[in-house]
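Right, one structure below, let's go through it.
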Number of protein chains: 2
Amino acid sequence: MATIKDIAKLAGVSVTTVSRALNGYSDVNADTRKRIEQIAKEIEYSPNALARSLVMKHTKTIGLLVSGLSRDGAKDNIVFDVLTGINEYCGSMGYDLVLFNTTTSKQKEKTYAQLCRERRVDGVIVQGIKKDDPYLIEIFDSNIPCVLIDVPVENEHTGYVSTDNVDGSMKAIRHLAELGHSNIAMINGHDQAYVSKERRKGFELGMVEEGLDIHPEWIVNGEFTELKAEEAAYQLLKNNPEITAIFCASDLMALGVMRAAFDLGKKIPGDLSIVGYDDITLASYVTPALTTIAQDTFRMGYEAADLLLKILHQTDEKRVQLIDNELKVRKTTTRCN
Amino acid sequence: MATIKDIAKLAGVSVTTVSRALNGYSDVNADTRKRIEQIAKEIEYSPNALARSLVMKHTKTIGLLVSGLSRDGAKDNIVFDVLTGINEYCGSMGYDLVLFNTTTSKQKEKTYAQLCRERRVDGVIVQGIKKDDPYLIEIFDSNIPCVLIDVPVENEHTGYVSTDNVDGSMKAIRHLAELGHSNIAMINGHDQAYVSKERRKGFELGMVEEGLDIHPEWIVNGEFTELKAEEAAYQLLKNNPEITAIFCASDLMALGVMRAAFDLGKKIPGDLSIVGYDDITLASYVTPALTTIAQDTFRMGYEAADLLLKILHQTDEKRVQLIDNELKVRKTTTRCN
DNA sequence: TTGTAAGCGTTATCAC
DNA sequence: GTGATAACGCTTACAA
């Protein structure tokens, strides 16, 4: 593979001149530059990013630490959307992405910092990490620029992007209350998720705001999976037939709840109103179409990348970016009768 | 950041010894090794992959060239599934992935080979490339190990994974014929896709096999999008009410066809049977659930990575990997009346 | 405007 | 078992 040395030899100049010519420095004769560029093209030279990075101390790559990059992450397209957003912004800024593999055993022994340092990524975006993940404190302690999706960690070198999960949940409850519901249950995710905590808070705040009774036993975890949510909802609905509405901390779980309702012979939305969270693709395709709190996950990824590069270049003091969410009323909610 | 030089100084040995100790060579004293490892841990040493790659001539990374990594790629989860499969296998083999950004203007000027050479990836997996993409010949001409998804290119250093699209389509037609359909139309993708050509071939072969008439004007392109397919199907169905079944070259397009049928007041499957292709997540969630030819896209990614590493290490002569597909009968097909 | 030489952090060759 | 030293391909003082 051609190197600048080859070009230098062919052009009869030093490597210094070649380097400067190719990198657009001004202090090089127009003719020599032209000649060098010509030769570079001829011998199909492409710069060795490794060598350059080694001396320049940066790689123009940012690392991605993704938990949901597994087979069933496909159902909710959240991970994908965020990834797309990141990719879009990074691409426009000339950064490449490297996907770190944290799931498999081979890399599992390596710590977060090791992963990043070895590859010398300039920064990292972390998605889908749990509150009790040991990586989390490592992120905080290491001095690697980092932004997290939906986990509030703030620092000189780390920030996060999220949505207002409390407010989002309150929107859901308000909507349900306006429709006359008062016996509202909630299927939450799990205790290791920051968003679960927030959405529960929003649920409770919304309930008191509307003057509704909170039944703690009507708040159960569905582990963010369709199946677990279905099971949980089945029991809940069977034992408490007075429940007329359920707020779910994710659309996928809402789908599970719909299934449970179906099994119990409950009509949606006639007998039971449901509102989900996320607005995944499935939400609008399913019948009846799911009322939900929409998050712009693409934008979350996009803004995460933006924030990270700002931290990297110290061009901004900002460490937090909140994205709007929005109630999308579709067909799973109706007036309480 | 700590280097082997630092360790060497601290341990009172040469860098050579450190390097050998850390890389598990046998010709190093057990005590010195222990001491070195100890120090490495203490000063939080992590090897610089850049430096290592520079001398070793390989990076343990494989590049990803993905066309569908855009916002609407989320609806069909194909890209994501393939990516997941690749990630899984590569992770297990200690390879990291770098996502090349081909969509944005910034990188667009760079050629395929430049992209790969600059980053010094050991190999590449290409997904969603069109038949007339200039990258394609570059892939063939360059000597970078490469495997493509669903594009048949074979070479010393390049291979591909795909499914038997002809046979898959024939399965669809057979199924329809068994149900008594004879007026069968097809919504195909576009002419720049290899799979479109194959699926059309399968459609035609299936029709003659079943002794059915092929109406060339009943085969139209839907560009693999829901909307275009809906429009195409609307006209087709309106002008040719005798059509009782449509075979679609993708599930997404099948969804569009369902919409068109609905607009025309046609019941599915009563008035119109539909079979899709891919078995995306939506297919089984939509009502009525979509009969389709299922492809194991995760496996395609997994096998692509496997194949690539085999090419890389020259451990196998194989350049082609075909994955099975399977007819999944759900609710959009029924007996013709 | 151009060249010399040092240095980035490794591994590899060869000698001791 | 261990250590000099060259090499990988590039950028960057500094000198000319």
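Values below: all heavy atoms of this structure, side chains included; hydrogens, waters and symmetry mates excluded. Chain letters run A, B, ... following the sequence lines, proteins first, then strands; residues in each count from 1. On a predicted model such as this, the values are computed, not experimentally measured, just so you know.
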Checklist entry - Which heavy-atom pair separates B:Pro152 from B:Tyr194 by the least distance, and what is that distance? => result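 Looks like CG-CE1, 3.2 Å.
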
Main chain of [Y], side chain of [X]: is a donor-acceptor contact present, judged purely on distance under 3.5 Å?
{"X": "A:Arg33", "Y": "A:Tyr25", "value": "yes"}
{"X": "B:Ser67", "Y": "B:Gly128", "value": "yes"}
{"X": "A:Arg35", "Y": "A:Ala11", "value": "yes"}
{"X": "A:Asp122", "Y": "A:Thr59", "value": "yes"}
{"X": "A:Arg319", "Y": "A:Glu156", "value": "yes"}
{"X": "A:Thr61", "Y": "A:Val121", "value": "no"}

Item to check | Pair B:Glu118-A:Ser46, side-chain donor/acceptor within less than 3.5 Å | outcome: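 No, no side-chain donor-acceptor contact under 3.5 Å.
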
Checklist entry - Any side-chain heavy atom of A:Val147 sitting closer than 4.5 Å to one from A:His157? => result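 In short, these two side chains do not touch, never coming nearer than 4.5 Å.
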
Checklist entry - Can you find a pair of side-chain heavy atoms, one from B:Ile129 and one from B:Tyr135, that are under 4.5 Å apart? => result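 Of all side-chain heavy-atom pairs linking B:Tyr135 with B:Ile129, at least one is under 4.5 Å.
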
Item to check | Partner residues of B:Ala49 under the side chain to side chain contact (heavy atoms under 4.5 Å, CB included) criterion, sequence neighbours left out | outcome: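 B:Ala49 satisfies side chain to side chain contact (heavy atoms under 4.5 Å, CB included) with no residue once adjacent residues are dropped.
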
Next on the checklist: Can you list everything that forms a side chain to side chain contact (heavy atoms under 4.5 Å, CB included) with A:Gln192? Sequence neighbours excluded, please.
Outcome noted: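 So A:Gln192 forms a side chain to side chain contact (heavy atoms under 4.5 Å, CB included) with A:Lys130, A:Asp132, A:His190.
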
Next on the checklist: Using C1' atoms of five pairs at each end, report the bend of the helix from C:dT1-D:dA16 to C:dC16-D:dG1 rounded to 10 degrees.
Outcome noted: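 Comparing the axis at each end, I get an angle of 40°.
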
Checklist entry - First and last nucleotide of DNA chain D in contact with chain A, 5' to 3', at under 4.0 Å to a heavy atom: what are they? => result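 First and last nucleotides in contact are D:dG9 to D:dA13.
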
I'd like to check the side-chain hydrogen bond (donor to acceptor under 3.5 Å, both in side chains) partners of [X]; sequence neighbours left out, ordered by chain and number.
{"X": "B:Thr17", "result": "B:Ser14"}
{"X": "B:Lys310", "result": "B:Asp306"}
{"X": "B:Thr158", "result": "none"}

Item to check | B:Val55 or B:Asp27, whichever maps to the more 5' nucleotide of DNA chain D | outcome: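 By nearest-heavy-atom nucleotide position, the 5'-most residue is B:Asp27.
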
Next on the checklist: Classify B:Asn48 by what it touches in the nucleic acid, base, sugar-phosphate, or nothing, heavy-atom distance under 4.0 Å.
Outcome noted: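 B:Asn48: backbone/sugar contact only, no base atoms under 4.0 Å.
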
Checklist entry - Which of residues 13-24 of chain A sit near DNA chain D, with a heavy atom under 4.0 Å from it? => result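 Heavy-atom contacts with DNA chain D come from A:Thr16, A:Ser19, A:Asn23.
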
Item to check | Salt-bridge present (A:Asp96, B:Arg119; N to O < 4.0 Å) | outcome: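 A salt bridge is present here (some side-chain N lies under 4.0 Å from a carboxylate O).
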
Item to check | DNA chain C contacts among residues 1-11 of chain B, heavy-atom distance under 4.0 Å | outcome: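 When residues 1-11 of chain B is checked for heavy atoms under 4.0 Å from DNA chain C, the hits, listed by number, are B:Thr3, B:Ile4, B:Lys5.
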
Checklist entry - Which residues within residues 28-41 of chain A lie with some heavy atom under 4.0 Å of an atom in DNA chain C? => result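 Close to the strand are A:Val28, A:Asn29, A:Thr32.
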
Checklist entry - With B:Tyr89, which residues qualify under ring pair (Phe, Tyr, Trp, His ring centres under 6.0 Å), at least two apart? => result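 Result, ring pair (Phe, Tyr, Trp, His ring centres under 6.0 Å) vs B:Tyr89: B:Tyr302.
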
Checklist entry - So where does chain A start and stop touching DNA chain C, 5' to 3', when the test is distance under 4.0 Å to a non-hydrogen atom? => result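 In short, chain A contacts DNA chain C from C:dT1 to C:dG9.
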
